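Since the model is a prediction, treat every value here as computed from it, not as a measurement. Hydrogens, waters and symmetry mates play no part in the numbers below; they use all other heavy atoms, side chains included. Each chain gets a letter, A, B and so on, in the order its sequence line appears, and its residues count up from 1.
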Number of protein chains: 2
Amino acid sequence: MRKQSSTNLENEIVINQGCGMAYTLKAIGGRWKPSILWQLVSGTLRYSQLKAVLPNISERILVLQLRELEKDGLVERTVYREVPPKVEYSLSPLGQTLKPVLQVLSNWGDAHRPL
Amino acid sequence: MRKQSSTNLENEIVINQGCGMAYTLKAIGGRWKPSILWQLVSGTLRYSQLKAVLPNISERILVLQLRELEKDGLVERTVYREVPPKVEYSLSPLGQTLKPVLQVLSNWGDAHRPL
DNA sequence: CGCATAACTTACATTTGTGTAAGTACTTAA
DNA sequence: TTAAGTACTTACACAAATGTAAGTTATGCG
């Protein structure tokens with residue numbers, strides 16, 4: 001859990017309020033969110049499928065990241081009340097608007113990273 | 001200093017090698033890099049000027065971030081051998097190619113963040 | 001000499017992010 | 001009655017990022 005107050009947190013809040021770019025980067029950045037979003041751009045995936053295409057992610061982190069993406073309104077979580085359970089993740093309409101953004105980031109990286 | 005080996009580090013390396021988007025986000029993301037780059041898009045700034053326009057950043061972090069941006073080839077550091085010393089920071093040619101990328105990120109954030 | 005200035009360094013502390021391993025809930029099928 | 005499958009939780013440990021405060025270097029000026 002995060003601390004309720006710290007210089008670190010206050011700086012983050014001030015920056016994100018004042019700068020759209022920082023807000024965007026917070027929403028889609030981090031170790032695993034780019035990979036998760038990239039997978040979901042291609043279409044809906046079940047929890048177990050996400051786990052399978054991201055073999056090195058731990059379940060704990062996968063769930064944490066999905067929850068944050070959901071909280072920010074980028075990803076939708078659909079539960080099917082079946083046995084065994086089935087949960088699907090997909091980009092929300094807002095998440096869909098990220099597609100060109102992700103494409104720009106991907107293009108720049110592929111064009112300019114070493115090798 | 002970073003550890004020489006850890007699951008965390010290995011995951012980062014694998015992801016960045018395989019995904020241009022992750023590489024880009026690593027290069028421009030974090031708490032302060034977006035703000036630093038945003039300032040430099042408008043033109044060259046001295047160290048003391050950067051410190052002034054980013055009032056909450058600590059000197060230690062400012063220097064660390066500038067060094068990383070320099071290492072990734074996005075920012076150029078020019079030293080004037082004067083007394084008192086003068087050091088200017090500006091976007092490199094590679095850094096200039098980031099301008100449209102940063103603009104896209106900024107636009108999306110301004111359009112979609114709450115409030 | 002002693003102070004001022006700019007641009008850093010250094011040592012240390014704190015906060016945040018990520019990883020490991022094991023356990024849970026639910027229901028159907030054997 | 002027990003095992004199997006899916007989607008998680010929980011408790012804990014470790015790694016990385018960020019922040020604080022003080023010190024350093026070099027030189028010209030009074």
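Linking ILVMFWY residues whenever their side-chain heavy atoms come closer than 4.5 Å, directly or via other members, places I57(A) and V53(A) in the same cluster.
Residues E88(A) and L9(B) both approach DNA chain D. Their nearest nucleotides, taken by heavy-atom distance, put E88(A) toward the 5′ side. Each of S58(A) and V83(B) has a nearest nucleotide on DNA chain C; the 5'-most of these lies closest to V83(B).
Rounding to whole angstrom units, CD1 of residue I13(A) and C1' of dG19(D) are separated by 16 Å. As rounded to whole Å, 12 Å separates atom C1' of dA15(D) from atom CD1 of I61(A). For the pair L62(A) CG and dT20(C) P, the interatomic distance rounds to 14 Å; values are reported in whole Å. For the pair I57(A) CD1 and dT18(C) P, the interatomic distance rounds to 9 Å; values are reported in whole Å. What separates NZ of K86(A) from P of dC8(D) is a distance of 13 Å, to the nearest Å. Between E59(A) atom CD and dA21(C) atom C1' the separation is 11 Å, expressed in whole Å. Following rounding to the nearest Å, E10(A) (CD) and dT15(C) (P) show an atom-to-atom distance of 12 Å. With rounding to whole Å, K51(A) atom NZ is found 8 Å from dT6(D) atom C1'.
Non-hydrogen atoms lying under 4.0 Å from DNA chain D are contributed by nothing in residues 28-40 of chain A. Near DNA chain D, meaning a heavy atom under 4.0 Å from it, residues 63-82 of chain A has V63(A), R67(A), R77(A) in order of number.
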Next item on the list: Could you go through the side chain to side chain donor-acceptor pair (under 3.5 Å) check for N107(A) and Q103(A) one step at a time?
Entry: CA-CA 6 Å; N107(A) 291 345; Q103(A) 192 63 56; 3.1 Å; yes
Item checked: Stepwise side chain to side chain contact (heavy atoms under 4.5 Å, CB included) test for V104(A) and T24(B) -> CA-CA 10 Å; V104(A) 165; T24(B) 306; over 6 Å; no
Margin query: Pair E88(A), L45(A) - check side chain to side chain contact (heavy atoms under 4.5 Å, CB included), show working.
Written below: CA-CA 6 Å; E88(A) 285 186 344; L45(A) 287 174; over 6 Å; no
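An end-to-end axis angle of 30° holds for the helix from dC1(C)-dG30(D) to dA30(C)-dT1(D), taken from five base pairs per end and rounded to 10°.
Note on Y47(A): every side-chain N or O is 4.0 Å or more away from OP1 and OP2 of dG5(D). For dG19(D), one of the phosphate oxygens OP1 or OP2 lies less than 4.0 angstrom from a side-chain nitrogen or oxygen of N11(A). One finds a side-chain N or O of S6(B) lying less than 4.0 angstrom from the OP1 or OP2 phosphate oxygen of dA16(D). For the OP1/OP2 pair of dT20(C) and a distance below 4.0 Å, the side-chain nitrogens and oxygens of R60(A) include no atom meeting the criterion.
Residues forming a side chain to side chain contact (heavy atoms under 4.5 Å, CB included) with V87(A) (at least two apart in sequence, or on another chain): R77(A), V79(A), Y89(A). By the side chain to side chain contact (heavy atoms under 4.5 Å, CB included) test, N11(A) pairs with T7(A), R31(B), W32(B), N56(B), sequence neighbours left out.
At a threshold of 4.5 Å between non-hydrogen side-chain atoms, the residues L94(B) and T97(B) count as touching. Residues L74(B) and L91(B) form no side-chain contact, since every pair of their non-hydrogen atoms from C-beta on lies 4.5 Å or further apart. No side-chain heavy atom of Y47(B) sits under 4.5 Å from any side-chain heavy atom of P85(B). In this structure, P114(A) and Y23(B) have side chains that are in contact, with non-hydrogen atoms separated by less than 4.5 Å. Here the side chains of L66(B) and L50(B) are in contact, with some heavy-atom distance below 4.5 Å.
The side chain of P85(A) sits closest to dT6(D) out of dC8(C), dT6(D), dT20(D).
Listed by first then second residue, pairs satisfying salt bridge (Lys or Arg N to Asp or Glu O under 4.0 Å) with a partner in residues 58-72 of chain A read K33(A)-E68(A), K51(A)-E59(A), not counting sequence neighbours.
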